[in-house]
Engineer: 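Structure provided below as C-alpha cells; questions to follow.
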Amino acid sequence: VKNVLKELELWDTIQGNRLFIEWEELVGENLAKYIVPVKFIEENGELWLGAKDPIWRTQLFNIRESLISSLNEKLNDAVIKKIRIVDVFE
C-alpha cells in the first residue's frame, strides 16, 4: 500500500495529515499543550510548529533535531526534514 501511495504522490500528504490528527499521541500530552503543528510543506518536508510562549519556543529550538527523529520514527518514514518555529497567540 505504501508503495502505491508513494507512486500516486499521496504518501507525504497522508503523513502530513497524521501530524495534525495524531499530534498529542505523537509528541505526548505535555508537549502538545505548548507546541502545535501549524503547517506541513510536503515538497521539502518542512514542519512549521507554533510555540505558545517564548520559553517553549526556546525549548523547541533545543529539541528540534531529536523531535524530527522521533516524529519520523513514529510515522515510520523520514517525511520531516526540517522544523520551522513560529509564534502562536491564543
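It should be emphasised that the depicted structure is a prediction, and the values quoted were computed from it without experimental measurement.
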Engineer: More than 12 heavy atoms of other residues, nucleotides or ligands under 6.0 Å from NZ of K82: is that the case?
Structural biologist: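 No.
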Engineer: Given side chains that start at C-beta, do those of L75 and I80 come closer than 4.5 Å, heavy atoms only?
Structural biologist: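 They are in side-chain contact.
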Engineer: Would you compute the distance between atom CZ of R84 and atom CH2 of W48 and round it to the nearest 0.5 angstrom?
Structural biologist: 5.0 Å
Engineer: Which residues pass the salt bridge (Lys or Arg N to Asp or Glu O under 4.0 Å) test with R64, not counting sequence neighbours?
Structural biologist: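 Per chain and number, R64 pairs via salt bridge (Lys or Arg N to Asp or Glu O under 4.0 Å) with no residue.
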Engineer: Which pair of heavy atoms, one from V36 and one from A32, lies closest together, and at what distance?
Structural biologist: CG1-O, 4.2 Å
Engineer: Within a strict 4.5 Å, meaning less than it, do heavy atoms of the L49 and L60 side chains meet?
Structural biologist: yes
Engineer: Could you check whether any side-chain heavy atom of I68 comes within less than 4.5 Å of a side-chain heavy atom of L47, counting everything from C-beta outward?
Structural biologist: no
Engineer: Are any side-chain N or O atoms of N76 and backbone N or O atoms of N72, one a donor and one an acceptor, separated by less than 3.5 Å?
Structural biologist: no
Engineer: Are the side chains of F61 and I83 in contact, using a 4.5 Å heavy-atom criterion?
Structural biologist: no
Engineer: Ignoring hydrogens and angles, tell me if any N or O in the side chain of D77 forms a donor-acceptor pair with the backbone of V79 under 3.5 Å.
Structural biologist: no
Engineer: Quick one: does R57's side chain get under 4.5 Å of D87's, heavy atoms only?
Structural biologist: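 SC-SC contact between R57 and D87 confirmed.
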Engineer: Which donor-acceptor pairs under 3.5 Å do side chains of residues 20-28 form with protein atoms, sequence neighbours excluded?
Structural biologist:
residue, atom, partner, partner atom, Å
E22, OE1, R18, NE, 3.4
E22, OE1, R18, NH2, 3.2
E22, OE2, R18, NE, 3.2
W23, NE1, I35, O, 2.8

Engineer: Of all the heavy-atom pairs spanning W56 and L31, show the shortest one and how long it is.
Structural biologist: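 Closest pair (atom of W56, atom of L31, distance): CZ3-CD1, 3.5 Å.
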